[in-house]
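Next up is a structure, given as structure tokens.
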Amino acid sequence: MNKNIATISFSKNNILSKLSKHMFGTNLEHIGDAIYRNGIWAEVVENRKFCGPDKLVWNNGLENDHLDFGIVQPWKGYNASAKHVMYAHSNSEYIVKGEEIISRYGSGKQSQQITIREKSKIQRGIKQKINIIDSKDEYEFSIYFKGENQKVFINIGEINFTFNANKNWKKIKKTFTFKKSNSLKTLSISIKSGTIFIANCSLMPKNTIFGFRKDITEMIKEWKPSYIRWPGGNFLSGYNWQNGVGKKDYRLPYYDHAWYQWEYNDVGTDEFMKWCEYIGSEPMITINTGDGTIEQAKNWIEYMIGSINTKYGKLRYKNGRKNPYELQTIFIGNEMFGGWQIGHTDPITYANKYNSFVKELKKLNKKLRFIAVGACSDHFGHWNEYVLKNIKEKIDELSVHYYSIRTEKDKKHPDYKTRYIPTVAAATEVRLMLDRTIREIKKYSNKNIKIAFDEWNTYVEATPPYFIENYNIADAIYAASLLNACINRGDIITNTGIYHLINVMGNYRIEKKKIWKTPTTLVLELYTKFHKGKILKSVVNSSNFVSFKLGKQPEYKNNKLIDSAVTMNGKHMCMSVVNKSSSEKILLKVPYLDRIAENYCIEGSNKVDLNTYENTSRVKIKKNSLKTSKGFLILPPHSISVVLFNI
């Protein structure tokens, strides 16, 4: 056939199954700058709880002592002087009692000490650079102090005020609006005499969504993911939910050994669940089967869904939420087959653990849905076989994770401008993996188990600590093609969740004041909005292309130039179609061409276009830009199109 001509055949009477409501989800994990620092949480002050170590110094020499020694990172000295001032992270003075977790990375239960050794005419203390997102917004500053009744000086950019530090711990608060519009400011806390201890310093805009940045929250609401899975991911296997509820100032930070960073515990269960309600996305919770216990899991679910007559429902009410949260689906652990996972184990031990957890959790609500840890194909020592043979309790879905290309650990990463062909072909490998996994499930279980493909993406250049990817048009085509494959297997694949939501391999990027969507996000917006109802069986006939080997992905010789998925909701039909050609238009023959109501297209000016800090909307959705000619729909090169029909 002519390589520039393709056909898609489908009929409104040829139905595969109903499209699951969980088909276009995502993940939010505590990793990199996803939550804190440059992430979705609105807190301006970095390391506001003064947890962890001071700056490592060992090579200064006898005559060159480091002036910031004793100052918890990333804070720095303000008018530091070895003669006049001494700093220490005090592990004796803190605002609350409670168990602290101590590791070689420091403590989460400590305050910042400032001691003036020799009286000085100038103020001395600590400081840090801060970025103000909207200087017109109203801000609330708060801090805990304990001192010797001396005057404490607070400078926040052009805002200056003082107060006296009492001999007992005291919290002070001040609300203000900045007078100057500059974003970059300096926060300093200083004294002229005596000793003070500082804890929990915060600067938050008043205009937030339960503490989350309003701008990025409203942008996510434009997509409204089918669900958001939280809190992980690998992070989950060392997470104790009770550390993340109650008053934020009294939640002790701890060092997370999954991603090697401090967890401040400002974002916990209540913040996440309320935020999901605001966005309109269903929350999905992953239970800790790494170092967590059944009792902890049961208490956590009771906290979320129990009545106020239960022990933990009562605690939720005490923390400000009377009505139970809406929770339907629970993941029992995360990637428990992997040596990178806290508490990783063998498949039979995991299956037995799964049975024990589910047996107790379903007592809280018989309607709860449970997802077990699965693996791709027959990998990780035939994990799926042994898990499926040994799970006796209720199982609704088997979790599958798969990342494409996998060059993130290579010494040199391929430039995003050079990897178009293997990236758009990566969905071929995903289809093969999904089909092999489906065969495994059918072979080893007679239960009606579906697949939750709840972590997927290309993984090319994302490295610690920020895990940033240059997601471009090629990655968007990969995502659309992958989702088409999942929709076309929607009788058994009932859940997909891209990894990840914010910054880290993120659909949304945040860089100080600027926020933007990746091209993949635009795909998810269109698919979530328009693919609904019943899945129609469709057949694609198009030319093939060859993709070269890249990373862990081999050469594939039979990649289709075109792929598609079709759904029908009442009298409306939605067809999503991908043209993977890097340079050629495709003439597409489809049914109902004369009944097109609307069309949407994502293409970009070239095959590797992406949105960036400098140009946040280079790639965008174009409405009704597709043309028809002589009975064909014309698909632009390197494009994703969504076509709506009235039937």
>> Distance alone, cut at 3.5 Å: any donor-acceptor contact between the side chains of Asn390 and Tyr350?
In response: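 Result is no, nothing qualifies.
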
> If you count the non-hydrogen atoms of other residues, nucleotides and ligands that lie under 6.0 Å from NZ in Lys534, is the total more than 12?
Replying inline: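 Counting other residues, nucleotides and ligands, NZ of Lys534 stays at 12 neighbours or fewer.
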
>> Distance alone, cut at 3.5 Å: any donor-acceptor contact between the side chains of Ser547 and Asn559?
In response: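 Yes, because at least one side-chain N or O of Ser547 sits under 3.5 Å from a partner of the opposite role on Asn559.
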
>> Under a 3.5 Å cutoff, is there a donor and acceptor pairing between the side chains of Trp275 and Thr217?
In response: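 Yes.
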
> When you check the side-chain N and O atoms of Arg229 and Asn27, is any donor under 3.5 Å from an acceptor?
Replying inline: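 Indeed, the side chains of Arg229 and Asn27 share at least one donor-acceptor pair under 3.5 Å.
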
> Trp340 vs Phe337 aromatic rings, parallel, tilted or perpendicular, using cut-offs 30° and 60°?
Replying inline: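 Judged by the thresholds at 30° and 60°, the geometry between Trp340 and Phe337 is perpendicular.
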
>> Side chains of Phe645 and Ile596, heavy atoms from C-beta outward: is any pair under 4.5 Å?
In response: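 Yes, side chains in contact.
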
>> Please tell me whether Glu277 and Tyr325 have a donor and an acceptor in their side chains that are separated by less than 3.5 angstrom.
In response: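 Absent: no donor and acceptor within the cut-off.
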
> Hey, does Phe467 have a side-chain heavy atom less than 4.5 Å from the side chain of Tyr459?
Replying inline: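 The answer is yes, as the side chains (C-beta and beyond) meet within the 4.5 Å cut-off.
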
>> Testing the basics here: between Ile8 and Ser538, what is the closest heavy-atom pair and its distance to 0.1 Å?
In response: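 In this case the closest contact between Ile8 and Ser538 is CG2-CB, 4.4 Å.
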
> Does a side-chain N-to-carboxylate-O contact under 4.0 Å join Glu385 and Lys389?
Replying inline: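 Yes, this pair counts.
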
>> Under a 4.0 Å threshold between the charged nitrogen and the carboxylate oxygen, would Glu408 count as salt-bridged to Arg406?
In response: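 Here Arg406 pairs with Glu408 in a salt bridge, since their nearest N and O are under 4.0 Å apart.
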
>> Under the criterion salt bridge (charged side-chain N to carboxylate O under 4.0 Å, His left out), I'd like the reasoning laid out for Glu360 against Lys363: C-alpha separation, chi angles, the key distance, then a yes or no.
In response: CA-CA 6 Å; Glu360 291 302 313; Lys363 293 177 182 178; 3.1 Å; yes

> Ignoring hydrogens and geometry, is there a side-chain-to-backbone donor-acceptor pair from Tyr471 to Thr458 under 3.5 Å?
Replying inline: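 At least one qualifying donor-acceptor pair exists.
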
> Could you go step by step and tell me if Ser404 and Tyr478 meet the side chain to side chain donor-acceptor pair (under 3.5 Å) rule?
Replying inline: CA-CA 10 Å; Ser404 297; Tyr478 158 83; 2.9 Å; yes

> Which heavy-atom pair separates Met284 from Phe331 by the least distance, and what is that distance?
Replying inline: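 Taking every non-hydrogen atom into account, SD-CE1, 3.7 Å.
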
> Ile562 versus Asn579: any side-chain heavy-atom pair under 4.5 Å?
Replying inline: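 Ile562 reaches Asn579 side chain to side chain.
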
>> Taking atom NZ as the centre, does Lys552 end up with more than 12 heavy-atom neighbours from other residues, nucleotides or ligands that are less than 6.0 angstrom away?
In response: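 Correct, the count exceeds 12.
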
> What is the minimum heavy-atom distance between Ser576 and Asn484, and which atoms define it?
Replying inline: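 Taking every non-hydrogen atom into account, OG-OD1, 2.7 Å.
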
>> Is it true that, when you exclude Lys221 itself, more than 12 heavy atoms of the residues, nucleotides or ligands shown sit nearer than 6.0 Å to its NZ?
In response: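 Counting neighbours around NZ of Lys221, more than 12 heavy atoms of other residues, nucleotides or ligands fall under 6.0 Å, so yes.
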
> Side chains of Glu469 and Tyr416: donor-acceptor distance under 3.5 Å anywhere?
Replying inline: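 No, because no side-chain N or O of Glu469 sits under 3.5 Å from a partner of the opposite role on Tyr416.
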
> Under a 4.5 Å cut-off applied to non-hydrogen side-chain atoms, are Lys585 and Pro636 in contact?
Replying inline: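 Contact flag for Lys585/Pro636 side chains = no.
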
>> Nearest 0.5 Å, please: how far is CZ in Arg489 from CZ in Phe453?
In response: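 Here the interatomic distance stands at 11.0 Å.
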
>> When you measure from the side chain of Lys549 to the backbone of Gly551, do you find a donor-acceptor pair of N or O atoms at a distance under 3.5 Å?
In response: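 Yes: the side chain of Lys549 pairs with the backbone of Gly551.
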
>> I need the minimum non-hydrogen distance between Gly570 and Ile647, along with the two atoms involved.
In response: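 Scanning both residues, the minimum pair turns out to be O-CD1, 4.3 Å.
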
> What is the minimum heavy-atom distance between Ala375 and Val400, and which atoms define it?
Replying inline: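 Heavy atoms only, the tightest pair is O-CG2, 4.0 Å.
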
> Centre of Phe632's six-membered ring, under 6.0 Å away, within 45 degrees of the axis: is that where NZ or CZ of Lys589 sits?
Replying inline: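 Checked: cation-pi criterion met.
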
> How about Asn234 and Asn334: does a side-chain donor come under 3.5 Å of a side-chain acceptor?
Replying inline: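 The criterion, which ignores hydrogens and geometry beyond distance, is satisfied for Asn334 and Asn234.
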
> Is it the case that Thr520 and Asp475 place a side-chain donor and acceptor less than 3.5 Å from each other?
Replying inline: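 No, no side-chain donor-acceptor contact under 3.5 Å.
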
>> Please check if the number of heavy atoms outside Lys359 that lie under 6.0 Å from its NZ is greater than 12.
In response: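 Atom NZ in Lys359 is not crowded, with 12 or fewer foreign heavy atoms closer than 6.0 Å.
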
> Which of parallel (below 30°), tilted (30 to 60°) and perpendicular (above 60°) describes Phe24 and His531?
Replying inline: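 Parallel.
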
> Got Thr7 and Leu588 here, is their nearest side-chain heavy-atom distance under 4.5 Å?
Replying inline: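 No. Closest side-chain heavy atoms not under 4.5 Å.
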
>> With rounding to the nearest 0.5 angstrom, report the OG to CG distance, Ser641 to Asn599.
In response: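 Between Ser641 OG and Asn599 CG, I get 7.0 Å after rounding to 0.5 Å.
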
> Do His500 and Glu29 get their side chains close enough for a donor-acceptor pair, meaning under 3.5 Å?
Replying inline: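 Not at all, the side chains of His500 and Glu29 share no donor-acceptor pair under 3.5 Å.
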
>> Just verifying a value: how many Å separate Tyr420 OH and His638 NE2, rounded to the nearest 0.5 Å?
In response: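 Result: 6.5 Å between the selected atoms.
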
> Angle class for the Trp300/Trp241 ring planes (parallel below 30°, perpendicular above 60°, tilted otherwise)?
Replying inline: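 Plane angle under 30°, so parallel.
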
> So which of Asn495, Ile451, Asp454, Ile493 actually passes side chain to side chain contact (heavy atoms under 4.5 Å, CB included) with Glu397?
Replying inline: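 Answer to the side chain to side chain contact (heavy atoms under 4.5 Å, CB included) test with Glu397 among Asn495, Ile451, Asp454, Ile493: Asn495.
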
>> Can you confirm whether Asn646 sits close enough to Lys571 that some side-chain heavy atom of one is under 4.5 Å from a side-chain heavy atom of the other?
In response: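 No, side chains not in contact.
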
> Taking all atoms of both residues into account, what is the closest heavy-atom pair of Cys601 and Ser625, and its distance?
Replying inline: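 For Cys601 versus Ser625, the nearest heavy atoms are CB-OG, 3.7 Å.
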
> Taking atom CD of Glu598 and atom SG of Cys574, what is their separation to the nearest 0.5 Å?
Replying inline: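 Here the rounded value is 10.5 Å.
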
>> A quick test of your reading: do over 12 heavy atoms of other residues, nucleotides or ligands sit less than 6.0 Å from OH of Tyr444?
In response: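 Yes, enclosed.
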
>> Does Lys353, at its NZ atom, have more than 12 non-hydrogen atoms belonging to other residues, nucleotides or ligands within less than 6.0 Å?
In response: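 Enclosed.
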
> Mind checking whether Leu434 and Tyr402 have side chains closer than 4.5 Å, heavy atoms only?
Replying inline: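 No - every pair of side-chain heavy atoms lies 4.5 Å or more apart.
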
> What distance separates Leu536 CG from Met575 CE, expressed to the nearest 0.5 Å?
Replying inline: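 Reported to 0.5 Å precision, the distance equals 12.0 Å.
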
> Are the side chain of Thr437 and the backbone N or O of Ser377 linked by a donor-acceptor pair below 3.5 Å?
Replying inline: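 Yes, the answer is positive, given that a donor and an acceptor are paired below the 3.5 Å cut-off.
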
> Does the Asn472 side chain pair with the main chain of Asn470, one donor and one acceptor, at a distance under 3.5 Å?
Replying inline: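 Checked: pair present.
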
>> I'd like to know whether Ile40 forms a side-chain contact (heavy atoms from CB on, under 4.5 Å) with Asn503, so could you lay out the CA-CA distance, the side-chain angles of the two residues, the decisive distance to 0.1 Å, and finally the verdict.
In response: CA-CA 9 Å; Ile40 197 169; Asn503 282 340; over 6 Å; no

> Which distance, rounded to the nearest 0.5 Å, do you find between the CD1 of Ile391 and the CG of Asn352?
Replying inline: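 Separation between the atoms: 9.5 Å.
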
> With side chains defined as the heavy atoms from C-beta onward, is the minimum distance between Glu218 and Tyr278 less than 4.5 Å?
Replying inline: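 Result yes, sub-4.5 Å side-chain heavy-atom pair found.
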
